[in-house]
Amino acid sequence: MAYTVPKLTDYSAAALTQAAEECTLSCREEEAAIRNDDELKTFRDRWLGRKNGILTQINEVWLKGAPKEAKREAGIRVNELKARIQELVEGAKVAGSASFHSSDIESVDITLPGARRPIGSEHPVAKTTRELVAVFQKLGYSVADGPVVETDYYNFEALNFPPNHPARDTQDTLFIAGQQSKPARERLLLRTHTSPVQIRTMEKMRPPIRIVIPGTVHRNDPPDASHSPMFHQIEGLAVDTNITFGDLKGTLDHAMKEFFGSSVKTSFRPSFFPFTEPSAEMYVSCFICGGSGRRGSDPCRPCKQSGWIEILGCGMVDPNVFEFVKDNGYDPKKVSGFAFGMGADRIALLKYGVDDIQLFFQGDVRFLEQWG
Ligand code: DAH
């Protein structure tokens with residue numbers, strides 16, 4: 001006969017003890033009769049179910065029906081009973097099963113592969129930057145950095161771009177709004193290149209210096225397969241006595257061989273930058289087609305069939321630039337130097353054969369996983 005919660009009329013200690021014992025006994029009997037997992041579940045719901053389980057009913061019927069003076073004692077007894085029943089029901093098992101239970105086996109399938117925790121991988125632009133920086137560190141260069149929000153003075157003026165100079169137009173600049181009340185050189189903008197850190201470093205450190213500067217830059221370029229309004233550069237600067245264009249060529253040629261492989265050649269072609277004189281663009285022989293301009297019977301696209309790929313801008317530091325930091329030991333009559341700047345994203349695109357720069361910045365895990 002299934003247990004039902006009886007109404008109590010007698011709230012004496014003896015009567016409460018008896019009612020609790022009957023309840024416990026019934027619970028034990030029902031437990032012993034459980035034959036399978038379904039019945040176990042029904043049993044648990046019947047006794048512990050929140051809405052209409054037996055423990056809930058006992059609470060209702062026994063406590064609410066208790067006369068005032070018996071309420072306290074009845075409350076203590078009911079709590080004891082609930083703890084006992086709860087322990088019993090939670091520990092209940094299908095009758096006849098030993099401590100080793102079929103449902104225990106199902107919950108741990110040792111034949112399944114373990115849960116794998118995905119490991120992140122280095123972003124191709126970060127990897128390229130790190131490797132290039134390491135090449136220069138091995139030559140004794142230190143790493144410097146500077147702010148992304150820069151003043152007009154450091155981004156342009158101290159790099160020998162005078163106000164209104166047409167060379168400024170080559171770097172479509174994103175200006176910070178609301179700066180009109182400030183003097184022109186203090187107005188803020190997003191740096192268009194890492195070159196301002198050349199000046200910042202020379203203000204802080206006396207010559208000789210050899211530094212590389214990796215960093216984020218911005219230009220007002222609409223995004224397409226080869227442009228992004230945010231991209232990355234690596235800048236370099238070496239200043240000492242008697243630094244020559246030969247040092248520039250030797251250093252950069254070595255760096256390219258280290259990075260792309262010893263078979264690449266370099267070529268320097270005249271160019272213009274306001275902060276270097278003379279200036280050059282450096283090309284490396286195409287490491288995709290080996291300089292032939294062809295891939296089998298197809299034209300080589302990355303080098304546009306020329307066999308050469310433009311990698312960076314460089315040159316000898318313009319004496320006008322040294323004038324801005326002359327007081328810190330950079331007298332253009334006494335020191336000379338070379339500088340260079342390259343696009344880390346562009347180099348990563350070429351090195352990894354990626355045809356759209358946007359893929360670097362969309363954060364699609366399926367793309368990024370390929371470098372794991
Ligand atoms: N800052 C230049 C640019 O973003 C690149 C560059 C050219 C950097 C020549 C240099 C340099 O340091 O010497 O276009």
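Counting starts at 1 for both ligands and their atoms, in listed order. Since this is a predicted model, take the numbers as computed values, not measurements.
Going from atom CG of Leu237 over to atom CD1 of Ile213 covers 6.5 Å, rounded to the nearest 0.5 Å.
Side-chain atoms of Arg346 and Ser226 form no donor-acceptor pair, as typed in the model, at a separation below 3.5 Å.
Aromatic ring orientation, Phe287 versus Phe260: parallel (interplanar angle below 30°, classes split at 30° and 60°). Under the 30°/60° scheme for interplanar angles, the aromatic rings of Trp371 and Tyr352 are found to stand perpendicular. Using a 30° and 60° split on the angle between ring planes, Tyr3 and Trp47 fall in the parallel class, below 30°.
Using a 4.0 Å heavy-atom criterion, the residues that approach ligand 1 are Gln171, His193, Ser195, Gln198, Arg219, Gln233, Glu235, Phe273, Phe275, Thr276, Gly313, Cys314, Gly315, Ala339, Phe340, Gly341.
Pairs of residues two or more places apart, or lying in two chains, that qualify as side-chain hydrogen bond (donor to acceptor under 3.5 Å, both in side chains) and include a residue from residues 276-302 are Ser271-Glu281, Thr276-Ser279.
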